[in-house]
Structure formats: C-alpha cells, structure tokens
Number of protein chains: 2
Amino acid sequence: MEVEATPLWKVIAAGLRADILEARYTPGAPLPSETALAERYNVSRPTVRDAVKALVLEGLITVIRGRGTFVRPVPDRYLIMLGVEPRHDIASSAYNSEGQNQGWLRWPIPDPELPEADVYGISNVLPADRETAMLMGLRTGHSVVRRYSVWFHAKVRTRIEVSSFINADLIPDFTRADLVGELDAVYRHLEKGRGPVSWADTVTARMPYENERERLEIEAGAPILLIRRIMYSRDGQVLEMTEIRGAAEHYETTSVDVSSDQDQSRSAPKSAEGGRVILAL
Amino acid sequence: MEVEATPLWKVIAAGLRADILEARYTPGAPLPSETALAERYNVSRPTVRDAVKALVLEGLITVIRGRGTFVRPVPDRYLIMLGVEPRHDIASSAYNSEGQNQGWLRWPIPDPELPEADVYGISNVLPADRETAMLMGLRTGHSVVRRYSVWFHAKVRTRIEVSSFINADLIPDFTRADLVGELDAVYRHLEKGRGPVSWADTVTARMPYENERERLEIEAGAPILLIRRIMYSRDGQVLEMTEIRGAAEHYETTSVDVSSDQDQSRSAPKSAEGGRVILAL
DNA sequence: CATCATTTGTGCGTATGTATC
DNA sequence: AGATACATACGCACAAATGAT
C-alpha cells in the first residue's frame, strides 16, 4: 500500500537477479518456491510472480510447473557461417544428402491438413506479405514461390526454420517435383542468363510470435535470430531470398574472413572455432 | 472458472494479435482501454493485462501509462556493414573525427562518479568476466584493458554501446592518453610483430538486463543485437575483442559481399541498399 | 491554474485447476 | 493418495500519469 519509490516486484527481481549473477544460486539450482519468496519478502504471491516473470524474460530462470523455478544454465552458442562458397540451395530437400549439414535432421511440419508428401517440406505459391515484398523489391501481394522446411539438430537440441522465396515470374513452369528435386537445380535455372550472381547476407533479431515460439520450441522471452540471404542477378534483380529462423540463445553467425592479403594464416583462428560451426550457408 | 483448453489471456491475445496483423488496428492507433477489453471479452482486467503483456513482448503494441495502448509501427532497420577494409579502431575516441561515422554523436556516460574527462569514454583495467575471457581465450579474471563508449544517432534515434577489450599483457605500458589518442595507434602497436592480423565477426542476440534496457533505452521485451569483432594475430592469438550492442529492432548486420569473381557488378545490389548503411566496421 | 475523468500501474486476498514428486 | 508448486482467474483498492475542462 505504502508507495515505495520503486515497485516491490522490481526490488524482488533485483534481489534475485543479484543472487543469480553472483552465484548464490548456481545454474540448475532451484529458487525458493513462490510462496516461500512471498513470505521472505513479505509480499503476496502475485507480486512475487511479477518478479519471477521479469527474470524469465531476461533469460535468467526457467519456471517448470509443478516442480519449481530454476536458474538457467548459459547455453553454448553454435556458429552459423555465412558467405561460404559455393553457396547451395539450402531450401532444396536434396540438401539433406549433402555432407555439409551433418547432424541436421528434417523435422515434420506440424500441420494436420498437410498432404502426406509435404510433411518434410512445403512448396507453394502465395502472395508476398509486406515484409517479404520489401526485401525482394516486389509489390505486396506479388506471387512468390515459397519453400519451407524445419530442421532439428541433436547436438543443439533445437529446431530452425528455413524459408525460401522466389519471384514466381522467374520460374513460371517449375513443378513441385522440380522444386524438391536435385540440389541446386533451381539455382542453375535462376542463374541462366542472369549470372554471375551476387549475394548479401543480413542478420538481425526480434521477438517471436506465439506460434513461432511453439513451432521452434523457444523459451518464453527469448529472441529469435533472423538470418537472410539474398541472391542477386548480374543487374541487381532479386532472384531468391532465403530466411533462417532459430533461437538466438543457441546460435551466432560469423562471416568468412576476407583478409586483404592472400595469406592463408587466417585458418588459424578458424580452426580454433571449428568445433562450434554447425551450419554453413 | 471453467477450465478452457487454452487460457483466456491467450485467447484474447490471439484475437488482438489477429486484429493488429490484419490491420483492423493500424500502426499508431489506440486499442480499446483495458476496462473496455475486459467487458468485451467478459473477463477481469488482470486477465486482459496478461494478454496485453504478451503482445508487448511480441513487439506489437506499446503501453503508455495514463494514455492507452497503441499499435507499434514497424521501425526501419538500419544496416551495419561488417568486414569493411581497412578496419579501424572504432573504440578509439579519435574515431569520431572519421568521415565513416557521420551522424554518430558521442553520448555522455550516465555515471555520476565518473571523472570529468571520462564522460564520453571510459578506459580502465579490470579482470575479465567469464564470457569475455571465453571469447578472448583467457582465464576468467585475467587483466584486460576495457574501453567503453556510447553513441547516439539522430536518424535512428537510439544509442549503441561500443566496448573494446585488450589483453592487458599486450599493452603493458599504454597510458590512458595513448588509448584515447590518435586513431589506430593501438592497432598499429598490437600489429607490430604479430601481423598480418585477421578478423572474425560474429552476430547474435539476447534479452537485455534491466540496466542495459535503461542505458540503451530499449523498449520492454525487445532484444539487443550483439556484434563482436575479434582481431587475431598471425599465430591465432586474440589481440582485441570489440563488442557493439544496440536494439535489434533498429539494426541488422550485413557482411561485405565476396563474390568469387573479381567482377565489380556486385556494386549494383549494394547501391540499392546504400541509403540504409549507418555504420561500417 | 486547478480539477476531473480516463487510463494504466501496483498490490492484496482469494479460489481453483493441474503438474510433479 | 497426498503434499507441494506453479497457472489461471476474479474482484477490489489505490496510485500516478495524461489530457481535457
């Protein structure tokens, strides 16, 4: 009732945060129960819950219903390497057979209405939404061919989504079989008469929507990393946009190192990190 | 009371989310008040507030006390270009005078105990915390020289933090004056006898802590983008680690395009994006 | 300038459901 | 089966910010 300068839940959150960061509660250890904390801080349980929510959002703790609240271990981040030549059509289902993606398994797409053949990869034509259109230099609603798949990695224990968008005008006579067929068939077709192609990789992050959180099994309050790769024709036309989404706490990107000198010494730091590389684009 | 399969607040969140994404509430427009929503959905205000919180975390709405709840406009993302040669010592306060960083202004560091000379950039020696040590291949607690500054850009209207860490053993006799002096003086010193150097840029994201949120004026529930640049000696030793932190909703990174062909055609897509580039590292 | 209605922020007490051990 | 812990939800009260009167 009495109005403190700072809200009670913030005071409690600060206390718990300090306890965690200064290792009085170590990773994996349980925090006191909400009722216990309520007594200790002399507040009601809803107030404690506000503090708990704040720390969940900071990624410091995980709450497990029926069990308790636990300090989150800091997860290792695996490396996604950008700019690796030659670039492949990673949205093709044939990419699975490549050696480069060892450890990645196709994950069934959780859509009950999906035809049997598409559980591991959808390809369809749809109107571009605002954001996709902007990225591809098209008008909103322009037809694009979308290929979508979900991948799982046993080591990382999380999933990523791969979406590819191609201006439908560029591949008017492609069938579904063509799209899911041989690796790089789509790229070779796109490149014909338009090459040499160039690429731009961009990386950013945002908070997931509810459905994304569930699809990718992202913890509450954790951001997703957005990795986009755009393929340009010789004259600057967008040929393809590929987007990869995954939990930011599990991944970081790195670009291939282009030393101005031709010296191969740069392999030294790379090899040190080599064990963390889990995907090359 | 009756237990629905999905919580009421999720149902309400889903309804509002659809209303926003399908533009029934347009960017900038106010949502109905919490009491109005409570009546409309026939629930209590705390329940509505749970739904509202969820949408705030998804970045869809902003809540302003005393005024109401509003649909967030999607902000433009500015480009931070990685891998631009030659690389400069962006942590040096002399970097300010470069042409490359036009638009960036040094922001005073909000620490009342700071000596007058350091309001625009701290440099000090401290023990490396666990994460920094890991990134630099040092033991936790090893002495590192840290340089820290905050920058503001009028166009983006947000701030970024730049931190540089150097193994203190590598510059034992550097004074504060040396560190804040001529551009690239530190780099030239580090490179002496250890070059040619190589670089690795990494990008990831996480949720900010409370104090970071306030320092960088990041909206509640918005992630920060972490951009790290590591400078390696010829034999793979870490010479410097630079980290940039900013609100992920305002920035994305892009790596310079290294086409295998020497053809300069790649300037085409670049120029299309040129206007968005706000920083080159 | 003061006042008032509106709107969100904080906090308590309570009740009931459900997962885990 | 019972104890414990978290999840959802309601109703209420008051504080504080805002904008209009």
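A, B, ... follow the sequence lines: proteins, then strands. Residue 1 opens every chain. Any value given below was found using the heavy atoms of this structure, including those in side chains, with hydrogens, waters and symmetry copies removed.
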A.B. asks: Check whether the side chain of Arg45(B) and the base of dA9(D) form a donor-acceptor pair under 3.5 Å.
C.D. replies: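 Answer is no: no donor-acceptor pair is held.
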A.B. asks: Tell me: CG of Leu37(A) to C1' of dT4(D), nearest whole Å?
C.D. replies: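 Result: 15 Å.
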A.B. asks: Would Arg106(A) and Tyr120(A) count as a cation-pi pair here, with the cationic atom under 6.0 angstrom from the ring centre and within 45° of the axis?
C.D. replies: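 Arg106(A) over Tyr120(A) ring: yes.
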A.B. asks: Go through the side-chain N and O atoms of Thr204(B) and Arg77(A) and say whether any donor and acceptor fall under 3.5 Å apart.
C.D. replies: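 A pair is found: one side chain offers a donor N or O, the other an acceptor, under 3.5 Å apart.
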A.B. asks: Taking only side-chain N and O atoms of Thr47(B), does any of them lie within less than 4.0 angstrom of OP1 or OP2 on dT8(D)?
C.D. replies: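 Indeed not, no polar side-chain atom of Thr47(B) lies that close.
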A.B. asks: Applying a 4.0 Å non-hydrogen cut-off, can you work out what Val43(A) is touching in the nucleic acid: base, sugar-phosphate, or nothing?
C.D. replies: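 Answer is sugar-phosphate: Val43(A) comes under 4.0 Å of backbone atoms only.
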A.B. asks: Between Arg40(A), Arg65(A), Arg49(A), which is the residue that forms a salt bridge (charged side-chain N to carboxylate O under 4.0 Å, His left out) with Glu34(A)?
C.D. replies: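 Exactly one pass, corresponding to Arg49(A).
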A.B. asks: I need the CZ-C1' distance between Phe70(A) and dC6(D), as an integer number of Å.
C.D. replies: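 Interatomic distance, CZ of Phe70(A) to C1' of dC6(D): 11 Å.
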A.B. asks: In whole Å, what is the span from the CD atom of Glu34(B) to the P atom of dC12(D)?
C.D. replies: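 Atom-to-atom, Glu34(B) to dC12(D), this comes out as 17 Å.
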A.B. asks: Both Trp9(A) and Ile64(A) contact DNA chain C. Which one's nearest nucleotide lies toward the 5' end?
C.D. replies: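 Of the two residues, Trp9(A) wins.
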A.B. asks: Once you round it to whole Å, what is the distance between P of dA16(D) and NZ of Lys10(A)?
C.D. replies: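 So the NZ-P distance, Lys10(A) to dA16(D), works out to 15 Å.
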A.B. asks: When you compare the side chains of Thr47(A) and Tyr41(A), does any donor N or O come within less than 3.5 Å of an acceptor on the partner?
C.D. replies: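 Their side chains do not contain a donor-acceptor pair, so the 3.5 Å distance test is not met.
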A.B. asks: Answer with yes or no whether the side chains of Ser123(A) and Tyr148(A) bring together a donor and an acceptor at under 3.5 Å.
C.D. replies: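 Checked: Tyr148(A)/Ser123(A) side chains show no N/O donor-acceptor pair below 3.5 Å.
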A.B. asks: Tell me which of Arg67(B) and Arg65(A) sits closer to the 5' end of DNA chain C, going by the nucleotide each one is nearest to.
C.D. replies: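 Its nearest nucleotide being more 5', the pick is Arg67(B).
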A.B. asks: Hey, is the side chain of Thr69(B) poking within less than 4.0 Å of OP1 or OP2 on dT7(C), counting only N and O atoms?
C.D. replies: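 Negative; the distance criterion is not met.
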A.B. asks: Choosing from dA7(D), dT10(C), dG13(C), which nucleotide comes nearest the side chain of Pro46(A)?
C.D. replies: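 Taking heavy atoms from C-beta onward, the closest nucleotide is dG13(C).
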A.B. asks: What is the distance from CG of Asp50(A) to C1' of dA7(D), rounded to the nearest Å?
C.D. replies: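 The answer, rounded to whole Å, is 14 Å.
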A.B. asks: Has the side chain of Arg49(A) got a donor or acceptor atom sitting under 3.5 Å from an opposite partner on the base of dG11(C)?
C.D. replies: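 No, the side chain and the base share no sub-3.5 Å donor-acceptor pair.
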A.B. asks: Specify the separation, in whole Å, of atom CG of Leu8(B) and atom P of dG17(C).
C.D. replies: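 For the pair Leu8(B) CG and dG17(C) P, the rounded distance is 14 Å.
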A.B. asks: Nearest whole angstrom, please: distance from the P of dA9(D) to the OH of Tyr41(B).
C.D. replies: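 From Tyr41(B) OH to dA9(D) P: 14 Å.
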A.B. asks: Please report the distance, rounded to the nearest Å, between CG in Leu31(B) and P in dT6(C).
C.D. replies: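 About 19 Å, once rounded to whole Å.
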A.B. asks: What's the closest nucleotide to the Ser33(B) side chain, out of dT7(C), dG9(C), dG13(C)?
C.D. replies: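 Of the options given, the side chain of Ser33(B) lies nearest dT7(C).
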